[in-house]
Amino acid sequence: MRVNPEFMQENSLLRAKYNITAMFYDIIDYPWERIYSQWRPVLLRDVRGKVLEAGVGTGRNLKHYHSSVELVGLELSEKMIRKAKKRAERSPCKIELIHEDATIMQSVDSNQFDWVFSTFMCCVMPNNLQTLAIEQFSRVLKPGGRFRLLEMVYSNNKNIRRRQDIFGPYVEKVFGARFDRNTLHHLEQSSKLKVTGTRFLKDDVYLLIEGIKQ
Ligand SMILES: C[S@@+](CC[C@H](N)C(=O)[O-])C[C@H]1O[C@@H](n2cnc3c(N)ncnc32)[C@H](O)[C@@H]1O
């Protein structure tokens with residue numbers, strides 16, 4: 001597969017950012033994680049079979065998978081994945097963690113997963129990289145396989161939007177995340193993935209996107 005050098009550079013920057021952020025990620029993310037930790041088990045309650053989690057980060061979702069799940073966890077940053085490995089030891093399911101780029105997934109075979117699951121990965125990716133990651137989700141899912149993504153988006157509420165504008169530069173600097181990533185739009189452009197539902201978990205900011213591979 002030919003890889004665009006510009007995309008590779010963007011990914012190397014993200015990887016470098018997360019290799020630094022990994023050292024204190026769980027500490028700086030803690031105020032948000034108090035909320036996310038209530039959502040994670042609920043989001044994984046019905047997830048079964050062979051599952052790909054993209055952008056596992058420090059492994060916050062790992063302990064919530066059902067014991068019957070066979071999980072492959074992908075992560076771009078070697079320092080983040082090192083943290084995730086510790087959490088994987090405490091997970092009830094079988095886990096293979098791989099240091100891999102979700103926009104390429106070179107080592108991942110096609111049409112093999114029942115689920116693709118990801119929390120807050122696409123919102124750290126520039127639009128062109130998201131499109132590539134979505135193509136890979138489509139490739140590796142079985143026909144009939146499902147996906148569930150949780151992302152942050154801009155709010156239409158003036159007060160929340162003001163706060164997002166204040167914190168936006170910090171969030172982008174530290175996490176690479178932005179509120180204008182348009183993941184839903186990119187998913188809707190996919191020829192094989194069909195969005196079956198969206199809902200907000202909090203305000204009109206935390207957007208859950210679910211769908212199926214046709
Ligand atoms: C905001 S963190 C979220 C981590 C975790 N999913 C969670 O919910 O706590 C985003 C993660 O996506 C990873 N990531 C970004 N681009 C990636 C890519 N192309 N392939 C795999 N992982 C990627 C980052 O390294 C980082 O660990």
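Being a predicted model, the structure only gives us computed values, none of them experimental. Each ligand, and each atom within it, is numbered from 1 in the order the structure gives.
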Legend entry - Close N or O approach (F175, ligand 1; < 3.5 Å): no

Legend entry - Test of proximity, A102 against ligand 1: N or O pairs below 3.5 Å: yes

Which residue owns the protein heavy atom closest to [atom], what's the atom, and how far is it?
atom: atom 24 (C) of ligand 1; value: E75 OE2, 3.4 Å
atom: atom 16 (N) of ligand 1; value: L76 CD2, 3.6 Å
atom: atom 5 (C) of ligand 1; value: G55 O, 3.5 Å

Inset, instruction - Tell me which one of T119, L132, D101, V171 gets a heavy atom nearest to atom 7 (C) of ligand 1. - result: T119

Legend entry - Nearest-option assignment for atom 9 (O) of ligand 1, heavy atoms, candidates K83, R40, H99, E33: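 The residue whose heavy atom sits nearest atom 9 (O) of ligand 1 is R40.
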
Legend entry - V51, V140, L74 screened by side chain to side chain contact (heavy atoms under 4.5 Å, CB included) with V116, the one that passes: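 Exactly one candidate clears the test, V140.
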
Inset, instruction - Count the heavy atoms of every other residue, nucleotide or ligand shown that sit under 6.0 Å from CD of Q9, and state whether that count exceeds 12. - result: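 No, the 6.0 Å shell around CD holds no more than 12 heavy atoms from other groups.
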
Inset, instruction - Look at R15 together with E78 and state whether they make a salt bridge at an N to O cut-off of under 4.0 Å. - result: yes

Legend entry - R40 with E33: basic N within carboxylate O range, under 4.0 Å: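 Judged by the 4.0 Å cut-off on N to carboxylate O distance, R40 and E33 do form a salt bridge.
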
Inset, instruction - With sequence neighbours excluded, tell me which residues meet side chain to side chain contact (heavy atoms under 4.5 Å, CB included) with S68. - result: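 Scan of S68 (side chain to side chain contact (heavy atoms under 4.5 Å, CB included), adjacent residues dropped) gives R48, H66.
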
Inset, instruction - Indicate whether the side chain of Q164 and that of R161 have a donor and an acceptor atom separated by less than 3.5 Å. - result: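 The answer is no; no qualifying pair exists.
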
